[in-house]
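One structure is given below, encoded as structure tokens.
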Amino acid sequence: MGPQGVGKGTQAARLAETFGIVTISTGDIFRANIEGDTELGRTAKAYTEKGELVPDEVTNAMVRDRLSRPDVVDGFLLDGYPRNAAQVAELDHILSDLGWELDGVIELTADRDELLARLAKRAEDEGRTDDTPEGIRKRLEIYDAQTAPLTEAYAERGLLAKVDGVGPIPDVTDRIVTSLAAQLG
């Protein structure tokens, strides 16, 4: 978990490789559907172009479908999900239906200026149409209001480890692995 631009996608890919598990990124799922011009992609694009988040019912259905695939049985890492209390409840329900539970939650942190600089660079480097200054600001506000409070709930469950997301990428990965090792025993 963490705000846009904190490095969740980068770290998710590194952790998936380190632990030999799959990454389930809602952002990647949305982008693949947009590029494939699927019905879901057109729906997602209408929201992301306005800098808004895709509705929960669409996101939840995609996550449920993705978690039903055989490549997740040895473990998975969620990137960009859950984003709000309703999605936490749905994730709990999905995992319960599958007979699974979360092992841990990592919250990557960085100050706002760092996030804004990273997102501006990402927009320039990747040509991301959803990374406009207004879209970035709106998504960070949504994160602060809806997602940031979820970390408290995961902390109360004993699942949360906060990790500084600033610094060289391998150093951040090392901090995450160390936090997970301490958390999981």
How many angstroms lie between atom [atom1] of [X] and atom [atom2] of [Y], to the nearest 0.5 angstrom?
X    : Y    : atom1 : atom2 : result
S68  : I94  : OG    : CD1   : 10.0 Å
R83  : L150 : CZ    : CG    : 11.0 Å
T147 : M1   : OG1   : CE    : 6.0 Å
Q87  : Q146 : CD    : CD    : 8.5 Å
Q11  : L77  : CD    : CG    : 10.0 Å

Can you sort out the partners of [X] under salt bridge (Lys or Arg N to Asp or Glu O under 4.0 Å), two or more places apart, ordered by chain and number?
X    : answer
E126 : R128
D174 : none
R66  : D71

Would you mind writing out the side-chain donor-acceptor pairs for residues 153-160 within the sub-3.5 Å range, not counting sequence neighbours?
residue, atom, partner, partner atom, Å
R157, NH1, D92, OD1, 3.1
R157, NH2, D92, OD2, 2.7

Measure the shortest side-chain to side-chain distance between [X] and [Y] over non-hydrogen atoms and say whether it is less than 4.5 angstrom.
X    : Y    : result
L78  : L91  : yes
L115 : Q4   : no
L116 : L140 : yes

Subject >> Nearest atoms (heavy-atom pairs only) where D65 meets R69 >> reply: OD2-NH2, 2.9 Å

Are [X] and [Y] connected in the hydrophobic side-chain network, where two residues link if heavy atoms are under 4.5 Å apart?
X    : Y    : value
L119 : V166 : no
V73  : L67  : no
V54  : I34  : no
L108 : Y143 : no

Around [X], counting heavy atoms of other residues, nucleotides and ligands shown, do more than 12 lie under 6.0 Å from its [atom1]?
X   : atom1 : answer
Y47 : OH    : no
L95 : CG    : yes
E57 : CD    : yes
D74 : CG    : no

Tell me if a side-chain donor or acceptor on [X] pairs with a main-chain N or O of [Y] at a distance below 3.5 Å.
X    : Y    : result
T26  : G80  : yes
R118 : V6   : yes
K162 : I106 : no

Original post:
For N60 and E90, does a side-chain donor sit closer than 3.5 Å to a side-chain acceptor?
Top reply: no

**OP:** Indicate yes or no: does E134 engage K138 in a salt bridge with an N to O separation below 4.0 Å.
**Re:** no

Original post:
So T151 and V105, side chain to side chain contact (heavy atoms under 4.5 Å, CB included) or not? Walk me through it.
Top reply: CA-CA 8 Å; T151 60; V105 176; 5.9 Å; no

Contacts table for residues 12-24: side-chain donor-acceptor under 3.5 angstrom, sequence neighbours left out:
residue, atom, partner, partner atom, Å
R14, NE, T173, OG1, 2.6
T18, OG1, R14, O, 2.9
T23, OG1, A12, O, 3.2

**OP:** Let me see the working for D97 and R64 under side chain to side chain contact (heavy atoms under 4.5 Å, CB included), right down to the final yes or no.
**Re:** CA-CA 10 Å; D97 286 351; R64 179 178 286 280; 3.3 Å; yes

Original post:
Which residue pairs satisfy the side-chain hydrogen bond (donor to acceptor under 3.5 Å, both in side chains) criterion with at least one member in residues 100-113, sequence neighbours excluded?
Top reply: R112-D144

